[in-house]
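Whatever order the structure lists them in is the order used to number ligands and atoms, beginning at 1.
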Amino acid sequence: MTSTLLVTGGAGYIGSHTCIELLQEGHQVVVLDNLSNSSPEALHRVEAITSKAPIFIEGDIRNPALVRDILARYNPEHIIHFAGLKAVGESVKKPLDYYANNVSGTLVLCQEMAAHGLFNLVFSSSATVYGDPASLPIRENFPRSATNPYGRSKLMVERMLEDLYLSDPRWNIAILRYFNPAGAHPSGLVGEDPADIPNNLVPYISQVATGRREKLQVFGNDWSTADGTGVRDYIHVVDLARGHLCALRQLSQGCGLKAWNLGLGRGYSVLEVVSAFEKASGQTIPYQFVDRRPGDIAACWADPASSQKDLQWSAEKGIEEMMADAWRWQSTNPDGYSRLSGPERLRKLDR
Ligand code: NAD
Ligand code: WQD
């Protein structure tokens with residue numbers, strides 16, 4: 001069944017890929033994004049891929065009057081809530097920005113939802129809420145902790161949503177804990193476009209491959225992993241996007257509050273990722289080992305059994321596809337979305 005959805009942060013990396021899946025399934029999509037970490041070009045590309053245009057409202061989720069107006073005007077059946085800040089290092093320097101955007105933003109959204117009589121929410125959480133897990137793979141009932149303001153903001157929201165559900169069982173809330181999203185849309189038109197020097201491994205490697213960065217710094221080769229480098233569960237962004245559509249079905253069936261891991265269920269080391277990228281791109285990625293990055297952990301991967309069972313979802317794309325799609329995006333859009341001139345943009349869309 002198709003419905004109308006509000007997608008906060010829908011112009012961002014995961015949001016834009018989710019908009020594609022939603023539009024392709026015939027849903028009506030309203031995007032609210034303040035473009036603090038994205039470009040409207042992402043939504044033009046979404047339209048180029050799907051031949052359907054999401055309704056775009058530029059604005060902030062912390063603006064209650066705006067959220068109220070959007071809910072009244074479009075009367076969505078569900079909200080998928082991606083909007084927020086996500087850079088761990090920046091969160092240490094600007095903690096109040098993170099609490100304001102991630103915690104207060106979600107608070108405003110939930111208040112306006114309740115006032116409107118809308119109780120169906122999908123929330124973007126993160127594997128970061130598991131801190132440094134005592135064992136692997138990670139199940140949803142593992143203890144939660146956070147080591148930085150970004151992680152704490154996600155944990156605070158999870159707890160706030162739990163309290164909200166306890167207070168009013170009309171809420172249906174799917175907390176989706178993403179592991180490490182990677183890759184891009186297979187068209188090469190939509191992908192990750194970090195505003196600054198990338199923090200995350202795959203966008204960094206991609207920029208080394210195009211020559212924009214000299215070499216990759218591998219943060220530590222003395223971790224207790226098979227090759228000494230950090231191990232993570234990388235999940236293709238299109239698989240992740242599909243997971244949201246599966247979560248919507250759960251909301252419609254009255255799931256109450258539930259948390260699900262979205263990951264592949266296996267880990268790859270930094271060196272394995274480098275090697276997969278080299279194979280997919282035909283490029284050599286120069287790298288050097290440097291000290292561990294503060295706050296990093298040795299290894300992290302999901303047990304996706306609950307999402308497989310409850311959501312009938314599983315990741316279909318492996319590391320090879322993630323790297324091939326990341327490379328297609330990066331090599332055809334070496335400067336991302338923002339620095340394209342109008343004619344260049346159109347030429348790319350025509351291809
Ligand atoms: P992104 O930065 O590409 O997308 C977030 C979007 O939200 C951006 O378009 C930004 O402009 C918008 N935004 C930020 N604050 C806003 C506000 N106050 N009002 C309106 N719009 C606002 O990030 P992403 O990678 O697509 O992540 C989406 C969500 O998933 C975030 O909540 C993030 O914390 C979470 N998450 C991301 C990862 C990851 O590695 N990418 C992993 C786990 C969880
Ligand atoms: C992956 C591996 C690094 C960059 C972060 C957030 C997490 C979630 C996903 C939002 C690690 C190594 C990285 C580099 C490297 N985001 N690395 N050189 O740290 O697992 O997770 O993004 O919720 O909250 O913490 O992802 O891509 O930064 O790192 O060696 O230049 O690559 O040490 O082992 P991480 P990442």
Any salt bridge (charged side-chain N to carboxylate O under 4.0 Å, His left out) involving residues 105-126? Give me the pairs, sequence neighbours left out, ordered by first then second residue.
Arg68-Glu112
Hey, are Glu21 and Lys52 close enough for a salt bridge, meaning a charged N less than 4.0 Å from a carboxylate O?
no
Identify all pairs of nitrogen or oxygen atoms, one from ligand 1 and one from the protein, separated by less than 3.5 Å, and list them with distances.
{"unit_1": "ligand 1", "atom_1": "2 (O)", "unit_2": "Asn37", "atom_2": "ND2", "d": "2.7"}
{"unit_1": "ligand 1", "atom_1": "3 (O)", "unit_2": "Tyr13", "atom_2": "N", "d": "2.8"}
{"unit_1": "ligand 1", "atom_1": "9 (O)", "unit_2": "Gly12", "atom_2": "N", "d": "3.3"}
{"unit_1": "ligand 1", "atom_1": "9 (O)", "unit_2": "Asp33", "atom_2": "OD1", "d": "3.2"}
{"unit_1": "ligand 1", "atom_1": "9 (O)", "unit_2": "Asp33", "atom_2": "OD2", "d": "2.6"}
{"unit_1": "ligand 1", "atom_1": "9 (O)", "unit_2": "Ser38", "atom_2": "OG", "d": "2.7"}
{"unit_1": "ligand 1", "atom_1": "11 (O)", "unit_2": "Asp33", "atom_2": "OD1", "d": "2.7"}
{"unit_1": "ligand 1", "atom_1": "11 (O)", "unit_2": "Asn34", "atom_2": "OD1", "d": "3.4"}
{"unit_1": "ligand 1", "atom_1": "11 (O)", "unit_2": "Ser36", "atom_2": "N", "d": "3.0"}
{"unit_1": "ligand 1", "atom_1": "11 (O)", "unit_2": "Ser36", "atom_2": "OG", "d": "3.4"}
{"unit_1": "ligand 1", "atom_1": "11 (O)", "unit_2": "Asn37", "atom_2": "N", "d": "3.0"}
{"unit_1": "ligand 1", "atom_1": "11 (O)", "unit_2": "Ser38", "atom_2": "OG", "d": "3.3"}
{"unit_1": "ligand 1", "atom_1": "13 (N)", "unit_2": "Asn34", "atom_2": "OD1", "d": "3.4"}
{"unit_1": "ligand 1", "atom_1": "15 (N)", "unit_2": "Asn101", "atom_2": "OD1", "d": "3.3"}
{"unit_1": "ligand 1", "atom_1": "18 (N)", "unit_2": "Asp60", "atom_2": "OD1", "d": "3.0"}
{"unit_1": "ligand 1", "atom_1": "18 (N)", "unit_2": "Asp60", "atom_2": "OD2", "d": "3.4"}
{"unit_1": "ligand 1", "atom_1": "18 (N)", "unit_2": "Asn101", "atom_2": "OD1", "d": "2.7"}
{"unit_1": "ligand 1", "atom_1": "19 (N)", "unit_2": "Ile61", "atom_2": "N", "d": "3.1"}
{"unit_1": "ligand 1", "atom_1": "21 (N)", "unit_2": "Asn34", "atom_2": "N", "d": "3.1"}
{"unit_1": "ligand 1", "atom_1": "21 (N)", "unit_2": "Asn34", "atom_2": "OD1", "d": "3.3"}
{"unit_1": "ligand 1", "atom_1": "25 (O)", "unit_2": "Lys86", "atom_2": "NZ", "d": "2.8"}
{"unit_1": "ligand 1", "atom_1": "26 (O)", "unit_2": "Tyr13", "atom_2": "N", "d": "3.2"}
{"unit_1": "ligand 1", "atom_1": "26 (O)", "unit_2": "Ile14", "atom_2": "N", "d": "2.8"}
{"unit_1": "ligand 1", "atom_1": "32 (O)", "unit_2": "Phe82", "atom_2": "O", "d": "2.8"}
{"unit_1": "ligand 1", "atom_1": "32 (O)", "unit_2": "Lys154", "atom_2": "NZ", "d": "2.9"}
{"unit_1": "ligand 1", "atom_1": "34 (O)", "unit_2": "Tyr150", "atom_2": "OH", "d": "2.7"}
{"unit_1": "ligand 1", "atom_1": "34 (O)", "unit_2": "Lys154", "atom_2": "NZ", "d": "3.1"}

Report yes or no: is the cationic atom of Arg266 (NZ for Lys, CZ for Arg) closer than 6.0 Å to the six-membered ring centre of Tyr268, at no more than 45° off its axis?
yes
Taking NZ, NE, NH1 and NH2 as the nitrogens, is one of them in Arg242 or Glu316 under 4.0 Å from a carboxylate oxygen of the other?
yes
Examine Arg232 relative to Trp301 and say whether NZ or CZ is less than 6.0 Å from the centre of the six-membered ring and inside a 45° cone about the ring axis.
no
Test side-chain hydrogen bond (donor to acceptor under 3.5 Å, both in side chains) applied to Thr229 - qualifying residues, sequence neighbours left out
Asp227
Counting C-beta onward and ignoring hydrogens, is there a side-chain heavy-atom pair between Cys300 and Ile138 closer than 4.5 Å?
yes
Neighbouring residues of ligand 2, heavy-atom cut-off under 4.0 Å
Val88, Ser126, Thr128, Tyr150, Asn180, Asn199, Asn200, Leu201, Leu216, Gln217, Val218, Phe219, Gly230, Arg232, Tyr234, Val270, Arg293, Asp296
Salt bridge between Glu192 and Lys86, side-chain N to carboxylate O under 4.0 Å?
yes
Ignoring hydrogens and geometry beyond distance, is a side-chain donor-acceptor pair present between Gln24 and Thr50 at under 3.5 Å?
no
